Amino acid sequence: MKELSKTVTKTILTGIQPSGVITLGNYIGAIKQMVKMQEEFKSYIFIADMHAITVPQESNLLHENIRSLVALYIACGIDPNKNIIFIQSENEYHANISWLLECNTPFGELSRMTQFKDKSSKNNNFCAGLFTYPILMAADILAYDVDFVPVGIDQKQHVELTRNIAIRFNKKYGETFKIPDAYIAKEGTKIMDLINPIKKMSKSSENPKGVIRLLDNLDDIRKKIMSATTDSDCKIIYDIENKPGISNLINIYASITGQSIKEIENYFANQNYGEFKKQVADVVTREIEGIQKRYYAIINSNEIDNILSENINIVREIAKNKFITMKRKIGLYR
Ligand code: AMP
Ligand code: TRP
């Protein structure tokens, strides 16, 4: 077993779909939390590429996004010495375990998944994998006997399904799986769209001017911040209701510098919006410049391949053992 550079007792696992370049919102709302959690838990973080193909993907782009996401996470501070980072599709036991679980999951229970209902109602040409996806997610989790699964609230129902699947399997075949808990982060800072600050900054936004992606050109990032929507009141005060644009910029500044909202209001009390935006742009571009430097230093290096190759052996072994145990219990052996 790889020795992680920390002493921990509880294990977490989370998967991230490689669907496009992550945003400043993802960074502030999710990745910075994961960077903190890596100190307290043994953690598995994988690129959920098999989940990504439940909706149509362009092959070349998907291929690029997988490696790019690994590099970006490391560049953002996910430490490969403290996390086991791997690519889901490189561990074939996830799909193998998933099939055994599929045959032990009632169709009716799966039909209640709200994400499936949402996604399938938008496009009636969906594939069967979109329906069975939560069982693959259960396989991802149950293979590793983890304690907690950090996810956004939208994935809570899938973790509950995972628990039900595990409890039922343990009852039918004897103790096989640890029962995991969802770990829903406390409402972190929500970063809003720069052009329409009452809408969340989102990877899939139609107006690129409102969204900062971590691999955007630094001059473009500066321009986006300088032209962020504000108001005509000219006071740098935190008031989400009446001043959503300025409050969003304060939140961004606070999350990156670690300063409190009060400190920021005091510091900028006598400055105008132009000066304030310039300083927000300074801290954001400085932070992202660091991330990009680390990203471009590793994206084409052997370091990524070395990490992934070492880790895949570790996780294949763990998942393989779980698969063999399950097969025996089910009666699938000679
Ligand atoms: P998504 O991009 O929707 O798949 O979300 C991935 C993670 O990033 C989840 O934990 C979200 O809660 C978080 N996240 C996404 N967008 C934002 C945002 N604008 N502000 C804060 N957190 C976000
Ligand atoms: N379904 C998750 C999402 O869309 C990604 C994911 C796949 C996942 N497998 C997982 C998250 C296992 C946590 C644990 O965001």
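The structure presented is a predicted model; accordingly, all values stated were derived computationally and were not measured. Just so you know, ligand 1 is whichever comes first in the structure, and atom 1 is the first atom listed for that ligand.
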Seminar exercise, completed: For Lys203, the ligand 1 atoms with a heavy-atom partner under 4.0 Å come out as 2 (O), 4 (O)
Exercise. Which ligand 2 atoms are under 4.0 Å away from a heavy-atom of Gln17?
Worked result: 3 (C), 4 (O)
Problem set entry | Near-ring test Tyr144/His94, centroid separation under 6.0 angstrom | yes
Seminar exercise, completed: ligand 2 atoms nearer than 4.0 angstrom to some heavy atom of Tyr133 are 1 (N), 2 (C), 3 (C), 4 (O)
Exercise. Just by distance, do the side chain of Asn302 and the backbone of Asp305 share a donor-acceptor pair under 3.5 Å?
Worked result: no
Problem set entry | Numbered atoms of ligand 2 (with element) below 4.0 Å of Leu13, judged on heavy atoms | 12 (C), 14 (C)
Problem set entry | Glu275 and Lys278 ion-paired at < 4.0 Å | no
For this session: Grab the two heavy atoms, one from Lys178 and one from Val146, that are nearest each other, plus how far apart they are.
Result: CD-O, 3.7 Å
Exercise. Which atoms of ligand 1 have any heavy atom of Met201 under 4.0 Å away?
Worked result: 16 (N), 18 (C), 19 (N)
Exercise. Quick one: nearest non-hydrogen protein atom to atom 9 (C) of ligand 1, plus distance?
Worked result: Ala30 CB, 4.2 Å
Problem set entry | Side-chain ion pair, Asp282 and Arg286, N-O less than 4.0 Å | no
Exercise. Could any protein non-hydrogen atom be found less than 4.0 Å from atom 12 (O) of ligand 1?
Worked result: no
For this session: Return the residue, atom name and 0.1 Å-rounded distance of the protein heavy atom closest to atom 16 (N) of ligand 1.
Result: Lys200 CE, 3.5 Å
Seminar exercise, completed: Looking only at protein heavy atoms, what sits closest to atom 23 (C) of ligand 1 is Gly25 O, 3.4 Å
Problem set entry | Top protein contact for atom 14 (N) of ligand 1, by heavy-atom distance | Asn26 ND2, 3.6 Å
Exercise. Going by the order shown, which atoms of ligand 2 are within less than 4.0 Å of some heavy atom of Val149?
Worked result: 13 (C), 14 (C)
Seminar exercise, completed: So the atoms of ligand 2 within less than 4.0 Å of a heavy atom of Ile141 turn out to be 12 (C), 14 (C)
Problem set entry | Lys/Arg-Asp/Glu bridge criterion (N-O < 4.0 Å) met for Asp193, Lys200 | no
For this session: State the atoms of ligand 2, each with its element, that fall below the 4.0 Å cut-off from a heavy-atom position in Phe46.
Result: 9 (N), 10 (C), 12 (C)
Seminar exercise, completed: Atoms of ligand 1 under 4.0 Å from any heavy atom of Thr189, numbered from 1 in the order shown, are 20 (N), 21 (C)
Problem set entry | Subset of ligand 1 atoms that lie under 4.0 Å from at least one heavy atom of Lys190 | 20 (N), 21 (C)
For this session: May I ask you to identify the nearest protein heavy atom to atom 20 (N) of ligand 1, giving residue, atom name and distance to one decimal place in Å?
Result: Ile191 N, 2.9 Å
For this session: Supply the atom-to-atom distance Ile237 CD1 to Ile261 CD1, rounded to the nearest 0.5 angstrom.
Result: 12.5 Å
For this session: Decide if atom CD of Glu241 counts as having more than 12 heavy atoms of other residues, nucleotides or ligands within a radius under 6.0 Å.
Result: no
For this session: Compute the centroid of each ring, for Phe126 and then for Tyr133, and state whether the two points are separated by less than 6.0 Å.
Result: no
